[in-house]
Colleague: 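I'd like to ask some things about the structure below.
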2 protein chains.
Amino acid sequence: MRADAQRNRELIATTALDLLARRGPAVSMEEIARAAGLGVGTLYRHFPDRQSLLDSVAATTLRTLLAASRAEQSSSSPRWQVLVRIVARCTGLPLALISSLPDATRVDPTVAELVEEVNALLKGLVEDAQREGSLRADLTGAQVVGLLNVAVCRPGARADDPLTTVLLDGLRARP
Amino acid sequence: MRADAQRNRELIATTALDLLARRGPAVSMEEIARAAGLGVGTLYRHFPDRQSLLDSVAATTLRTLLAASRAEQSSSSPRWQVLVRIVARCTGLPLALISSLPDATRVDPTVAELVEEVNALLKGLVEDAQREGSLRADLTGAQVVGLLNVAVCRPGARADDPLTTVLLDGLRARP
DNA sequence: GGCCAACCGGAGCGTGGCCTTCACCTTAAT
DNA sequence: ATTAAGGTGAAGGCCACGCTCCGGTTGGCC
């Protein structure tokens, strides 16, 4: 593969991720192309169609997140700290957008599996934190993961958002 | 006006509000018509175009909310209780959707003014609660109103949502 | 009951945006 | 210099949505 081709392929992926995170899942191919400083045709040279581009971005992002989360998980820090760090990593990622907004039947099986793994890891972590006594115990693991999804994986979210801060404080166990 | 016409007009308004709250601001005229058990033509008999229907729904909703909020505000309850009750009333209303999602220039001036009034009232209430010592003081009134908007006025939100509960707990002042 | 105007229905038109293609041009690599 | 891989963006095709319109229906009134 030619050097410029590889550069452009990565440029497309990172630009698409950025736009998806900032403007939501409805970004058009032309928007991505313009933001990357390329023509639309170039996008189709690298990805057979729009869905493939989205799936590729989602898979890469999820794999990175999963690896980082596993590393974080095997640390000896309190589970609460681990959870906070993972949440910080997740903020702004278009995870919920990719996993739930397009009807769940059409998603790439690889992506679906990765989403499942991330959710399972998060759920386990939440329940561990509850056993540790640092996270409020009046919600199920699935509920916590669900509310993190809608609060944290929304377009434009940032790790130092007031919403993220307040939400994490609200998840802390009460004395 | 004939009796069935008035019934249908109200049916359209309530159905549209319900769908906007549950499915977001992109609901089509045909979706609203189907959900109301009517034809599309009937919608256009009562509202000249889609925007008018949305504006009408928004104005009615905002007026109701504003009246209820003012009543609540003049009660003698702690400001925190007042705020919680108003938030409960707001959950699920497509307020942010109507006020911010369509570019702010095209909104009906009446709606824009009502949104402004609601936001001002909320901001004042938040600041009063901060002075009262019941609401955390490390955020500006505008920030709190902003996060309430995205958290509470999202499609599918409910007053007993885990997210709403956790968020309110996170807004409580710490001992 | 009978009349009429108001009302309802939903197929269909026009439009705009979006994905995708393709014929031609550019450029990296040898 | 050569050549094949890569890039371009205007044009095509498609689809969903807003909106219209006319034939059928229904409520109000004498």
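A, B, ... follow the sequence lines: proteins, then strands. Residue 1 opens every chain.
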Colleague: Write down the atom of A151(A), the atom of L163(B), and the distance for their closest heavy-atom approach.
Modeller: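 Scanning both residues completely, I find the closest heavy atoms to be CB-CD1, 4.2 Å.
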
Colleague: Measure CG/L38(A) against P/dT8(D) and give the value in whole Å, please.
Modeller: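 Computing the L38(A):CG to dT8(D):P distance gives 5 Å.
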
Colleague: Of the candidate nucleotides dG6(D), dG28(D), dC8(C), which contains the atom at the shortest distance from the side chain of D4(A)?
Modeller: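 It is dG6(D).
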
Colleague: I'd like a table of atom pairs between the protein and nucleotides 17-20 of chain D - only N or O on both sides, under 3.5 Å - with the distance next to each one.
Modeller:
unit_1: dG18(D); atom_1: OP1; unit_2: R50(B); atom_2: NH1; d: 2.8
unit_1: dG18(D); atom_1: OP2; unit_2: M29(B); atom_2: N; d: 2.9
unit_1: dC19(D); atom_1: OP2; unit_2: Y44(B); atom_2: OH; d: 3.3
unit_1: dC19(D); atom_1: OP2; unit_2: R50(B); atom_2: N; d: 2.7

Colleague: Could you please name the option among dC8(C), dT8(D), dG6(D) that lies closest to any side-chain atom of A5(A)?
Modeller: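 Shortest atom-to-atom distance from the side chain points to dG6(D).
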
Colleague: Mark yes or no for a side-chain to base donor-acceptor pair under 3.5 Å between R2(A) and dA29(C), with no hydrogen or angle criteria applied.
Modeller: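 Check fails, no donor-acceptor contact within cut-off.
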
Colleague: With a cut-off of less than 4.0 Å, is there a side-chain N or O of H46(A) near OP1 or OP2 of dG7(D)?
Modeller: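 The answer is yes; a side-chain N or O of H46(A) sits under 4.0 Å from OP1 or OP2.
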
Colleague: Rounded to whole Å, please give me the gap between CD in Q6(B) and P in dG27(D).
Modeller: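 Rounded to whole Å, this separation is 15 Å.
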
Colleague: Below 4.0 angstrom from OP1 or OP2 of dG7(D), is there any side-chain N or O of N8(A)?
Modeller: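 Indeed, a polar side-chain atom of N8(A) lies that close.
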
Colleague: When you look at CD of E113(B), are more than 12 heavy atoms from neighbouring residues, nucleotides or ligands closer to it than 6.0 Å?
Modeller: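 Open: at most 12 neighbouring heavy atoms sit under 6.0 Å from CD of E113(B).
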
Colleague: Kindly indicate whether the side chain of I86(B), heavy atoms from C-beta on, has any atom under 4.5 Å from the side chain of L121(B).
Modeller: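 Touching, per the 4.5 Å side-chain cut-off.
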
Colleague: Only one of T91(B), N149(B), D161(B) forms a side-chain hydrogen bond (donor to acceptor under 3.5 Å, both in side chains) with R154(B), so which one is it?
Modeller: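 The side-chain hydrogen bond (donor to acceptor under 3.5 Å, both in side chains) with R154(B) is passed solely by D161(B) among T91(B), N149(B), D161(B).
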
Colleague: Which heavy atom of R158(B) sits nearest to which heavy atom of T164(B), and what is that distance?
Modeller: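 Heavy atoms only, the tightest pair is O-OG1, 3.4 Å.
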
Colleague: Taking 4.0 angstrom as the limit, do R131(B) and D128(B) come out as a salt bridge?
Modeller: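 Yes.
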
Colleague: Rounded to the Å, how far apart are L43(B) CG and dC21(D) P?
Modeller: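 After rounding, the gap between these two atoms is 17 Å.
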
Colleague: Less than 3.5 Å apart, any donor N or O on the side chain of S52(A) or D55(A) sitting next to an acceptor on the other?
Modeller: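 D55(A) and S52(A) do not have a side-chain donor-acceptor pair below 3.5 Å.
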
Colleague: Tell me the interatomic distance from R45(A), atom CZ, to dT8(D), atom P, rounded to whole angstroms.
Modeller: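 Rounded to whole Å, this separation is 10 Å.
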
Colleague: So which of Q73(B), E72(B), Q130(B) actually passes side-chain contact (heavy atoms from CB on, under 4.5 Å) with L125(B)?
Modeller: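 So the option named by the test is Q73(B).
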
Colleague: What heavy-atom pair brings T15(A) and I32(A) nearest, and what distance separates the two atoms?
Modeller: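 Distance-wise, the nearest heavy atoms are CG2-O, 3.8 Å.
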
Colleague: Among residues 9-18 of chain B, which ones have heavy-atom contacts with DNA chain C below 4.0 Å?
Modeller: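 Heavy-atom cutoff 4.0 Å gives no residues at all.
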
Colleague: Rounded to whole Å, how long is the line connecting atom CG of L53(A) with atom P of dT20(C)?
Modeller: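 Result: 10 Å.
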
